[in-house]
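In this chain, numbering begins with 1 at the start of the sequence shown. What's counted below: heavy atoms across the whole structure, side chains too, no hydrogens, waters or symmetry copies. Worth saying up front: this structure is predicted, and the values here are computed from it rather than measured.
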Amino acid sequence: MSPTISYKDSSRQRRPGSYHQSMDMEIKPPPPALYMDNHTARPGEDDTEALLQGFNSPSYMVSQGYRAELGSILLLLFLYVLQGIPLGLAGSIPFILQSKNVSYKDQAFFSFVFWPFSLKLLWAPLVDAVYFKSFGRRKSWLVPTQYILGFFMMYLSTQVDFLLGDVEGKSPDVVALTVTFFLFEFLAATQDIAVDGWALTMLSRENVGYASTCNSVGQTAGYFLGNVLFLALESPSFCNKYLRFQPQPKGIVTLSDFLFFWGAVFLITTTLVALLKKENKEVTPSKEETKGITDTYKLLFSIVRMPAVLTFCILILTAKVGFSAADAVTGLKLVEEGVPKEHLALLAVPIVPLQIILPLIISKYTAGPRPLNTFYKAMPFRLLIGLEFALLVWWTPKVQHEGGFPIYYYIVVLLSYALHQSSEIGSTPPLSNALVDVLENRTCCATAHRHCTKLGGSCVTMLDGYYVESIICVALGFVWWFLLGSKLKKLQDEGQSSWKCKRTN
């Protein structure tokens with residue numbers, strides 16, 4: 001729900017759910033990473049050696065500082081910035097739809113556009129195994145995917161006003177928007193797979209750790225540009241108040257302009273990468289990296305079937321049910337209550353430093369042998385924040401006046417979001433928005449429209465579904481914590497063999 005930079009990825013810390021899901025703390029099983037051997041482990045060979053065997057070529061043994069590879073680091077950073085643009089744009093659509101009186105059921109349907117980043121593991125083996133050796137293993141996917149993204153954005157720039165219902169007499173076509181942006185995010189997720197793979201071989205073993213930094217910083221910057229900056233520059237009120245001398249009915253940029261500009265950036269960048277950047281052909285892929293598609297999917301299936309892994313997946317997938325209302329709906333309710341969407345977006349600016357510092361603080365607790373203890377201990381506090389958010393939404397209309405909201409209100413909101421960010425764990429179920437309409441009880445006359453007061457009718461909310469859902473979610477969250485939380489902690493006691501998938505020829 002928070003206005004913080006939002007995304008998520010199944011391989012690291014992102015889940016591009018709805019706009020108001022912030023960068024989450026990465027949750028890992030306590031034992032070493034999963035891997036599969038074709039042989040019995042040799043005495044003295046640890047897991048790290050097995051996982052890094054692909055880096056043992058002579059080119060990786062040459063020590064060099066980051067300055068020698070600064071160009072590659074900057075390229076990775078920029079590729080991750082480009083990756084964050086589609087995520088940020090998709091995250092801004094719910095706010096635009098909310099200002100057009102779209103139902104929460106439709107908002108929940110649109111949230112499916114973020115699923116490609118959560119499900120990209122399903123086609124990642126295909127991206128990894130199929131390529132043209134002469135052109136480059138990663139460029140074989142990166143270049144065509146980014147070209148398609150560029151042309152897709154340019155074409156979408158000609159259609160997006162129609163899809164959003166900005167044409168006179170039309171309402172937003174939520175189904176078409178969802179399908180369009182789902183394809184948009186699918187392409188961005190595929191680009192992410194290619195860039196993540198290239199990052200492992202573009203940099204030397206000594207500097208490969210910078211790839212994670214490029215990912216975090218680049219995607220955060222890209223999301224900021226595609227979401228926060230766009231919403232501010234698209235808002236007529238913001239531009240007239242802070243950026244113009246003469247008021248105008250539109251913002252400085254439109255969504256159509258923004259899409260066209262970044263589509264051109266994608267095309268130019270991709271052309272330069274295709275012509276000028278060569279892949280490191282001296283790096284010999286390990287035996288595991290060169291397996292065929294069938295073997296890769298068999299390995300994936302065997303990993304998921306392991307009892308410890310299956311239990312961990314089920315627990316993590318259900319752990320955040322208690323946070324659904326707070327994370328997915330609160331921001332939209334604030335917009336509904338009159339808080340300008342661009343103001344909520346701009347609250348992300350002072351929270352960005354917190355997002356950078358917080359992982360450094362938490363890492364000393366999550367890097368030890370029992371990292372899930374932090375998850376378990378933080379959960380009750382995180383659930384109570386859900387009730388605080390509900391109180392914030394209830395308080396919002398009571399402090400609004402003709403000139404907008406007072407400064408102390410935004411300070412309270414900012415502090416609430418900062419507290420939310422400091423205890424953020426996991427990802428948010430995408431259908432929580434739909435329950436608001438289901439649980440809501442309104443009595444309307446003159447028109448059956450959900451926001452009939454805005455159409456000249458009268459409407460009285462007898463029971464706001466958001467508050468009902470908030471209470472139900474928090475109750476379910478505490479039930480999960482009492483009954484299943486201990487099972488999550490016990491996974492840390494599993495031996496290393498429970499997290500290793502080995503196969504013999």
Side-chain angles (χ1 to χ4, degrees), residues 1-8 13-27 84 87-88 91-92 94-95 216-217 219-221 223-225 227-229 231-232 320 322-335 337 339-366 374-375 377-396 399 404-428 466 470 473-474 477:
M1 73 53 81
S2 75
T4 53
I5 306 304
S6 160
Y7 44 78
K8 205 142 208 38
Q13 80 271 29
R14 320 183 287 280
R15 189 199 82 95
S18 64
Y19 168 84
H20 289 295
Q21 290 165 330
S22 56
M23 282 176 62
D24 294 341
M25 180 181 71
E26 182 181 10
I27 303 169
L87 286 167
S92 67
F95 275 151
S216 178
V217 176
Q219 279 202 351
T220 299
Y223 193 95
F224 183 89
L225 293 172
N227 192 300
V228 178
L229 182 64
L231 287 174
K320 212 181 180 187
F323 315 141
S324 299
D327 289 357
V329 188
T330 302
L332 298 178
K333 289 296 293 185
L334 291 176
V335 173
E337 294 295 348
V339 181
K341 61 182 183 297
E342 64 274 10
H343 289 180
L344 281 178
L346 287 171
L347 289 178
V349 176
I351 294 181
V352 168
L354 178 63
Q355 293 178 316
I356 297 174
I357 297 172
L358 190 61
L360 300 177
I361 299 175
I362 295 178
S363 62
K364 67 178 182 179
Y365 301 104
T366 58
T374 303
F375 181 98
K377 293 177 181 179
M379 191 169 183
F381 300 99
R382 182 67 182 79
L383 290 169
L384 293 176
I385 291 175
L387 297 180
E388 191 270 337
F389 280 152
L391 182 63
L392 178 64
V393 172
W394 172 83
W395 180 56
T396 296
V399 298
F405 291 88
I407 187 64
Y408 68 82
Y409 171 78
Y410 288 107
I411 294 175
V412 172
V413 174
L414 181 61
L415 292 175
S416 299
Y417 286 166
L419 185 61
H420 166 274
Q421 177 68 16
S422 65
S423 60
E424 182 62 46
I425 47 178
S427 57
T428 304
Y466 168 71
S470 295
C473 285
V474 171

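- Ala326 and Gly386 get closest at one heavy-atom pair: CB-CA, 3.7 Å.
- In this structure, the separation between CG on Leu387 and CZ on Phe389 is 11.0 Å, given to the nearest 0.5 Å.
- Note: Leu229 CG to Leu346 CG = 9.0 Å, rounded to the nearest 0.5 Å.
- Taking all atoms of both residues into account, the shortest heavy-atom contact from Cys473 to Ala325 is SG-N, 4.0 Å.
- Considering all non-hydrogen atoms of both residues, Gly88 and Asn227 come closest at O-ND2, 3.2 Å.
- Leu231 and Glu342 make their closest contact through O-CB, 3.6 Å (heavy atoms, listed as atom of the first residue, atom of the second, distance).
- Note that CG of Leu332 is 9.5 Å distant from CG of Leu344, once rounded to the nearest 0.5 Å.
- To the nearest 0.5 Å, atom CG of residue Leu419 and atom CG of residue Leu415 are 9.0 Å apart.
- Leu414 and Pro350 get closest at one heavy-atom pair: CD1-CG, 3.7 Å.
- Listed by chain and residue number, Ser416 satisfy the side-chain hydrogen bond (donor to acceptor under 3.5 Å, both in side chains) test with Glu388 (two or more places apart in sequence, or in another chain).
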For side-chain contact (heavy atoms from CB on, under 4.5 Å), just list the numbers for Thr396 and Phe405, CA-CA rounded to whole Å, side-chain angles, deciding distance to a tenth of an Å, and then say yes or no.
CA-CA 9 Å; Thr396 296; Phe405 291 88; 3.5 Å; yes
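- In this structure, the separation between OH on Tyr409 and NE2 on His343 is 12.0 Å, given to the nearest 0.5 Å.
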Determine, stepwise, if the pair Phe323 / Ile385 fulfils side-chain contact (heavy atoms from CB on, under 4.5 Å).
CA-CA 9 Å; Phe323 315 141; Ile385 291 175; over 6 Å; no
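- The minimum heavy-atom distance linking Tyr410 with Pro340 is given by the pair OH-CD, 3.6 Å.
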